[in-house]
Amino acid sequence: MIPLLLLLLSSTLLVSSATTTPLQSFIQCFNYKTNSPNLLSLPNTASYSSALLSSVQNQRFLISPNSSKPSLIVSAASPSHVQATVTCARATDLRIRTRSGGHDYEGMSYSAFTGPNTTPFIILDIAALRSISINASTKAAWVQAGATLGELYYAIAKTNKNLAFPAGFCPTVGVGGHLSGGGIGTLTRKYGASVDNIVDAWLVDVNGRLLDRKAMGEDLFWAIRGAGSAGYGVMVAFKVNLVDVPSVVTAFNVGKTLRQNVTKVVARWQELAHQFDVNLFIRVIAQAGTDTDGSKTIQVTFNSFYLGRKEELLHLAQQSFPELGLKATDCTEMSWIESVLFFYGGTGKPLETLLNRTPEFNSSFKAKSEFVQQPITEKGLEEIWNFLMGANDEPLVLIIEPMGGRMSEIKEDAVAFPHRGGNIYNVQYFMRWFEKQEGVTEKHLEWMRKFYGFMAPYVSSKPRAAYYNYKDIDLGRNVEGNGESYLAARVWGMKYFKGNFMRLAKVKGRVDPTNFFWNEQSIPVL
């Protein structure tokens, strides 16, 4: 039996050039170059729905009336399929949105903001490009951009339990977006961000060429280490340096509330955490909650680990942060790869859990990010707690992670990721909800904006910095058809990239002068 899609494609080839749509022309072009019609998923087919939903992490962009869905999904199985997609899309005036793990915070890898000049777009899904090659003797790895962090961590640990890679917490996040956008996590203070440990890469450029570091040149290689790749090309693979970790690490959670003087402990943490021994990582997770007597309170978890054994940690914690009150019973020794599961909330689960790419939640979320350069006073913290407790059950979580260490030693312009010395910690405001009504979504989004406005006196300014991997469309966006300019994009670009933004725009102008690789927060042409 001839597959339905092949019949559709065959009939498409019979359409005269006078009536051929851009989408039909793309299909003809792609099929001619690859002879792989099975990689294409058209709307109103079972394969389309399955492909679209395979890694959607933020449901609100599928149900919002302001979002549009792809005209076609290409499930690339090799770099040549990526090249064909780029070449054919450019020839037929279609946009591309590349998806590896589907975690783009504003859904830009699988949806588009609907407007009068919106160009039809194609999802280029590279999840099948997920091979990983580890060389333990040289402490290096090649990882394709469609792999997830969990798959990368698992492959490293299976090869050598004393090697690791500095990147984020969530194992379902795609390597392509995460590594090119920065990549911060538990090992950042000791080894820098993911971008600081990338030594080579493969990228498909606007002309469909597959380029390594030497071929793309140092300017473009600099740009894709922190500014993402969506505005420059399609990432295919990275070569990364692996880092040393001990056979045993120690993880712990310590919880405190207002009754347990949490404000004073957090205030002290702000003064110390960025100066801790680089083997010690302590982050703060705070949210409004209910105390044992039914009163409102702030619940804080000091979610942490140490690269070493429990005895060393207890001695270090007593010396550097006695206010925490860390006890031996709080601590659990484990391997580094087990600590990945610990931070993911998967303690005790098999390591193969890290290989599960299925979205964990069928939900919507919104996030914003900040960098803080001066400790917030106890009075300021109390005001923040009161704002959180005064909300009407808004599901907001503050995730506060220390900077310092290696991050303070690297210059702001070493790579495109600029958030270095002077920052004592970064904050993510994160809110998740499961209701699908548009009114509920708007209520949550508006409250998040109010909280962001409330926080202005406490965070960085000029610019009020933000982390590109935690994209926030409220900061500003490109509008298709408006002839967006570098000056207009500076409104949001300086927040993400600070003094690197102009250089990023100049690189964009050289490698993609017609702005083919475009989305609502891609780097503009200069």
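Start at 1 with the first residue, then count along the sequence.
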ask   = What residues form a ring-ring contact (aromatic ring centres under 6.0 Å, His included) with Phe371, not counting sequence neighbours?
value =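 Applying ring-ring contact (aromatic ring centres under 6.0 Å, His included) to Phe371 gives His419.
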message = Tell me every residue that passes ring-ring contact (aromatic ring centres under 6.0 Å, His included) with Tyr470, counting only those two or more places apart in sequence or in another chain.
response =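 By the ring-ring contact (aromatic ring centres under 6.0 Å, His included) rule, Tyr470 matches Tyr105, Tyr467.
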Exercise: identify the closest heavy-atom pair between [X] and [Y]:
X	Y	value
Asn197	Pro166	ND2-CG, 3.3 Å
Val525	Pro513	CG2-O, 3.9 Å
Leu23	Ser71	CD2-O, 3.7 Å
Ala416	Ala223	CB-O, 3.6 Å
Ala201	Met216	O-CE, 3.8 Å
Phe221	Asp200	CZ-N, 3.7 Å

key: Worked check of side-chain hydrogen bond (donor to acceptor under 3.5 Å, both in side chains) between Asn303 and Asn253   = CA-CA 5 Å; Asn303 179 228; Asn253 283 322; 2.8 Å; yes
key: Parallel, tilted or perpendicular: rings of His444 and Trp433 (30°, 60°)   =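 Trp433 vs His444 ring planes: tilted.
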ask   = Does the pair Ser363 and Arg432 meet the rule for a side-chain hydrogen bond (donor to acceptor under 3.5 Å, both in side chains), with working shown?
value = CA-CA 7 Å; Ser363 65; Arg432 184 186 299 280; 2.8 Å; yes
Short N-O contact, [X] and [Y], less than 4.0 angstrom:
X	Y	result
Glu338	Lys349	no
Asp512	Arg90	no
Arg99	Asp104	no
Lys506	Asp219	no
Arg60	Glu106	yes
Arg357	Glu151	yes

Sub-3.5 Å donor-acceptor pair from the side chain of [X] to the main-chain atoms of [Y], do we have one?
X	Y	result
His178	Ala167	no
Asn160	Ile156	no
Thr358	Asn356	no
Asn58	His103	no
Asn207	Arg209	no
Ser180	Gly177	yes
Tyr191	Asp244	yes
Lys190	Gly405	no
Thr353	Pro350	yes

request  = Show your reasoning for whether side-chain contact (heavy atoms from CB on, under 4.5 Å) applies to Leu354 and Ile337.
outcome  = CA-CA 10 Å; Leu354 299 174; Ile337 192 65; 3.6 Å; yes
inquiry  = Testing Thr186, Thr188, Val427, Asn426 one by one against Glu401 for a side-chain contact (heavy atoms from CB on, under 4.5 Å), which residue passes?
reply    =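 Per the side-chain contact (heavy atoms from CB on, under 4.5 Å) rule, the option paired with Glu401 is Asn426, out of Thr186, Thr188, Val427, Asn426.
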Do the two ring centres, one from [X] and one from [Y], sit under 6.0 Å apart?
X	Y	answer
Phe430	Phe365	yes
Tyr468	Phe417	no
Phe305	Phe342	no

Is there side-chain contact between [X] and [Y], with at least one heavy-atom pair below 4.5 Å?
X	Y	value
Ser522	Asn478	yes
Phe121	Ser68	yes
Arg213	Glu218	yes
Lys508	Tyr232	yes
Phe281	Pro402	yes
Leu341	Thr347	no
Val415	Ile198	no

[atom1] of [X] to [atom2] of [Y]: how many Å apart, nearest 0.5 Å?
X	Y	atom1	atom2	answer
Leu398	Met455	CG	CE	7.0 Å
Gln521	Ile473	CD	CD1	4.5 Å
Ile224	Leu504	CD1	CG	11.5 Å
Ser369	Asn469	OG	CG	9.5 Å
Ile96	Thr85	CD1	OG1	6.0 Å
Phe501	Leu526	CZ	CG	9.0 Å

task = Please assess Asp472 against Lys366 for the test salt bridge (Lys or Arg N to Asp or Glu O under 4.0 Å), listing each intermediate value before the final yes or no.
result = CA-CA 8 Å; Asp472 179 8; Lys366 174 63 182 178; 2.8 Å; yes
message = Check this for me: Tyr32, atom OH, are more than 12 non-hydrogen atoms of other residues, nucleotides or ligands nearer than 6.0 Å?
response =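 It does not: Tyr32 OH has 12 such atoms or fewer within range.
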inquiry  = Could you walk me through whether Leu163 and Lys139 satisfy the side-chain contact (heavy atoms from CB on, under 4.5 Å) test, starting with their C-alpha distance in whole Å, then the side-chain angles of each, then the deciding distance to 0.1 Å, before giving a yes or no?
reply    = CA-CA 8 Å; Leu163 292 176; Lys139 297 181 182 178; 3.9 Å; yes
task = Take Ser36 and Asn38 through the side-chain hydrogen bond (donor to acceptor under 3.5 Å, both in side chains) test and state the conclusion after the steps.
result = CA-CA 5 Å; Ser36 301; Asn38 58 305; 4.5 Å; no
side-chain contact (heavy atoms from CB on, under 4.5 Å) between Thr172 and Gln57, worked out = CA-CA 10 Å; Thr172 59; Gln57 304 288 341; 4.3 Å; yes
Pair Gln59-Asn362, side-chain donor/acceptor within less than 3.5 Å =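 Yes.
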message = When you measure from the centre of the six-membered ring of Phe169, is the NZ or CZ of Arg283 closer than 6.0 Å and no more than 45° off the axis?
response =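 Positive - Arg283 is close enough to the ring of Phe169 and near enough to its axis.
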query = What's the verdict on side-chain contact (heavy atoms from CB on, under 4.5 Å) for Val74 and Leu40, showing C-alpha distance, side-chain angles and the deciding distance?
reply = CA-CA 5 Å; Val74 180; Leu40 305 179; 3.6 Å; yes
